[in-house]
A.B. asks: 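Here's a structure for you.
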Amino acid sequence: MDSVETTDTTVTGASKSTKGGVVAWTNSMSTMHLGFLADLVASGARTSSGFKTCHYNQCAKFLNDRFKLSLTGEQCSNHLKKWWKIWGRLVQLKNLSGALWDEDTCTIRLSDEHYAGHCANNKSDIPFLNNPIEHYRAMETIFGSTTALGKYAKSGNDPFSIDVEDESEMQTSPNVGESSAKAPPKKKAKLVHIEDDPLVTTLKDGFKMMVDAIAKSGGDDDAVPDNLWDALAALKRFDEDHIAHYYAHLVDNPKTAKAFMMLKVDNKLVWLSRYVEKTFGVLYNLK
């Protein structure tokens with residue numbers, strides 16, 4: 001599935017990594033963010049009333065250590081609201097008349113005609129239909145026992161109980177309207193229901209998510225050079241926020257990171273300058 005996030009590094013507004021600023025979330029950061037919280041669910045750390053402030057602070061520390069940022073627990077909480085909103089839309093899409101659920105690939109499948117008619121009026125649903133849904137297993141672990149419908153309202157009975165009115169950090173806005181495409185009545189497809197012990201399923205999916213995240217960031221082919229941050233920090237003429245953002249980009253692209261480390265200092269400056277200009281519209285004078 002195409003990444004739900006926009007641009008190469010998912011910039012929402014002005015990119016800042018300082019406390020209280022707007023966060024630029026990369027796909028790798030979101031993977032680690034959801035994986036960490038899913039692991040908390042699997043370990044039983046989350047209470048029946050939802051995640052506590054200490055959980056979000058722990059998540060922020062984990063991400064800060066990994067990506068050399070300065071996120072806060074509040075920013076991690078706001079980012080989870082985005083995925084809660086997406087999960088609510090997925091619940092609705094899985095129940096569309098004629099939709100089939102592929103458990104093996106985590107894909108909501110529609111016939112070609114139904115897909116074309118639905119997406120013509122609901123373009124924001126395109127990433128979630130006839131494509132494997134990114135981060136589905138982690139969302140299922142975190143939100144699977146809740147029901148997100150309507151305006152994804154806060155409910156005291158939901159294990160994940162948060163206020164979603166403030167969506168300034170949201171990076172997607174799935175259209176919550178139903179498909180207006182009219183097709184001949186079809187028999188509603190049966191959804192796959194897992195009959196396994198819920199605790200066993202939660203543990204299995206939570207740990208699988210963490211294993212996948214570790215494999216992506218630490219495998220031999222995808223290994224990030226150990227001294228990558230030091231090499232970037234040595235480029236003193238650049239703003240620290242821009243350096244941190246480029247570091248996250250290189251972590252997402254290990255092959256590019258390795259190529260970057262092979263360059264001479266002057267060429268590294270050129271690479272970083274071009275990235276900052278393309279992403280933020282800021283031009284550094286390298287002369």
Side-chain angles (χ1 to χ4, degrees), residues 1-36 59-72 75-76 78-79 82 127 131 134-135 168-172 212-287:
M1 169 184 122
D2 294 336
S3 175
V4 175
E5 295 153 326
T6 60
T7 77
D8 190 43
T9 49
T10 315
V11 179
T12 60
S15 173
K16 296 181 180 179
S17 60
T18 55
K19 293 183 179 181
V22 179
V23 183
W25 288 90
T26 68
N27 188 53
S28 180
M29 289 166 61
S30 290
T31 297
M32 292 295 184
H33 170 269
L34 291 173
F36 183 90
C59 183
K61 184 179 185 303
F62 173 73
L63 293 172
N64 290 336
D65 291 344
R66 180 71 179 83
F67 297 103
K68 311 296 183 184
L69 299 172
S70 55
L71 298 173
T72 66
Q75 289 167 331
C76 288
N78 287 339
H79 190 51
K82 165 205 165 179
N131 289 297
E134 192 171 27
H135 307 308
S168 61
E169 198 271 339
M170 298 294 183
Q171 297 165 18
T172 60
D212 290 343
I214 292 172
K216 288 182 179 179
S217 62
D220 290 338
D221 293 336
D222 295 333
V224 176
D226 293 335
N227 57 342
L228 176 60
W229 175 253
D230 293 335
L232 284 168
L235 306 178
K236 300 294 186 180
R237 67 180 67 185
F238 288 88
D239 184 85
E240 185 176 355
D241 286 347
H242 293 158
I243 292 177
H245 203 282
Y246 190 51
Y247 175 80
H249 167 71
L250 293 179
V251 170
D252 272 346
N253 301 274
K255 292 182 178 179
T256 303
K258 292 176 182 178
F260 176 82
M261 293 300 294
M262 298 294 292
L263 298 174
K264 295 180 179 179
V265 174
D266 289 344
N267 290 329
K268 288 178 181 177
L269 291 172
V270 172
W271 278 34
L272 178 52
S273 176
R274 291 178 61 185
Y275 175 83
V276 171
E277 181 182 2
K278 178 181 178 181
T279 306
F280 304 104
V282 176
L283 181 61
Y284 281 90
N285 184 3
L286 302 181
K287 295 181 180 180

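The chain is numbered in sequence order, starting from 1.
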A.B. asks: Would you check, one step at a time, whether the test side-chain contact (heavy atoms from CB on, under 4.5 Å) holds for Arg66 with Val251?
C.D. replies: CA-CA 10 Å; Arg66 180 71 179 83; Val251 170; 3.9 Å; yes
A.B. asks: Hey, what do you get for CG (Leu228) to NZ (Lys258), rounding to the nearest 0.5 Å?
C.D. replies: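 That separation rounds to 11.5 Å.
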A.B. asks: Quick check for you: to the nearest 0.5 Å, what is the distance between Asp241 atom CG and Ser70 atom OG?
C.D. replies: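 One finds 7.0 Å between CG of Asp241 and OG of Ser70.
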A.B. asks: For residues Ala248 and Met29, report the shortest heavy-atom separation together with the two atoms involved.
C.D. replies: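 So the minimum-distance heavy-atom pair works out to CB-SD, 4.3 Å.
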A.B. asks: So, for Ala223 and Pro254, which heavy atoms are closest and what is the spacing to 0.1 Å?
C.D. replies: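 Looking at all heavy atoms of both residues, the closest pair is O-CB, 4.1 Å.
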A.B. asks: One pair to check against side-chain contact (heavy atoms from CB on, under 4.5 Å): Val270 and Leu263. What are the steps and the verdict?
C.D. replies: CA-CA 10 Å; Val270 172; Leu263 298 174; over 6 Å; no
A.B. asks: Starting from the C-alpha separation in whole Å, work towards a yes-or-no answer on side-chain contact (heavy atoms from CB on, under 4.5 Å) for Leu269 and Arg237.
C.D. replies: CA-CA 9 Å; Leu269 291 172; Arg237 67 180 67 185; 4.2 Å; yes
A.B. asks: Sequence neighbours excluded, which residues qualify as ring-ring contact (aromatic ring centres under 6.0 Å, His included) partners of Phe238?
C.D. replies: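 Listed in chain order: Tyr284.
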A.B. asks: How many angstroms lie between CG in Leu71 and CG in Leu63, if you round to the nearest 0.5 Å?
C.D. replies: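 CG of Leu63 is found 6.0 Å from CG of Leu71.
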A.B. asks: So, do Asn27 and Glu134 sit near enough that their side-chain heavy atoms are less than 4.5 Å apart?
C.D. replies: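 SC-SC contact between Asn27 and Glu134 confirmed.
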A.B. asks: Would you compute the distance between atom NE2 of His245 and atom CD of Glu240 and round it to the nearest 0.5 angstrom?
C.D. replies: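 Going from NE2 on His245 over to CD on Glu240, the span is 14.0 Å.
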A.B. asks: Answer yes or no: is there a side-chain heavy-atom contact under 4.5 Å between Thr279 and His249?
C.D. replies: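 Sidechains of His249 and Thr279: no contact.
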A.B. asks: What's the separation between atom SG in Cys59 and atom CD in Gln75, rounded to the nearest 0.5 Å?
C.D. replies: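 Here the interatomic distance stands at 11.5 Å.
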A.B. asks: Show, in sequence, the C-alpha distance, side-chain angles and deciding distance for Thr31 and Thr26, and conclude whether the side-chain contact (heavy atoms from CB on, under 4.5 Å) test is met.
C.D. replies: CA-CA 9 Å; Thr31 297; Thr26 68; over 6 Å; no
A.B. asks: Taking atom CG of Asp230 as the centre, does the number of heavy atoms from other residues, nucleotides or ligands within less than 6.0 Å exceed 12?
C.D. replies: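 Counting other residues, nucleotides and ligands, CG of Asp230 exceeds 12 neighbours.
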A.B. asks: So which atom in Val265 and which in Leu235 form the shortest heavy-atom distance, rounded to 0.1 Å?
C.D. replies: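 Looking at all heavy atoms of both residues, the closest pair is CG1-CD2, 4.2 Å.
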A.B. asks: Using a 4.5 Å cut-off on heavy atoms from C-beta on, say whether the side chain of Val276 contacts that of Ile243.
C.D. replies: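 Of all side-chain heavy-atom pairs linking Val276 with Ile243, none is under 4.5 Å.
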A.B. asks: Hey, what do you get for OG (Ser273) to CG (Leu283), rounding to the nearest 0.5 Å?
C.D. replies: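 Here the interatomic distance stands at 5.5 Å.
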A.B. asks: Examine distances only and state if a side-chain atom of His33 and a backbone atom of Cys76 form a donor-acceptor pair shorter than 3.5 Å.
C.D. replies: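 A pair under 3.5 Å: yes.
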A.B. asks: So among Phe67, Tyr275, Trp271, which one has a ring pair (Phe, Tyr, Trp, His ring centres under 6.0 Å) with Tyr246?
C.D. replies: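 When ring pair (Phe, Tyr, Trp, His ring centres under 6.0 Å) is applied between Tyr246 and each of Phe67, Tyr275, Trp271, only Tyr275 qualifies.
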A.B. asks: Are the side chains of Asn227 and Met261 in touch, meaning some heavy atoms are under 4.5 Å apart?
C.D. replies: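 They are in contact (side-chain heavy atoms under 4.5 Å apart), so the answer is yes.
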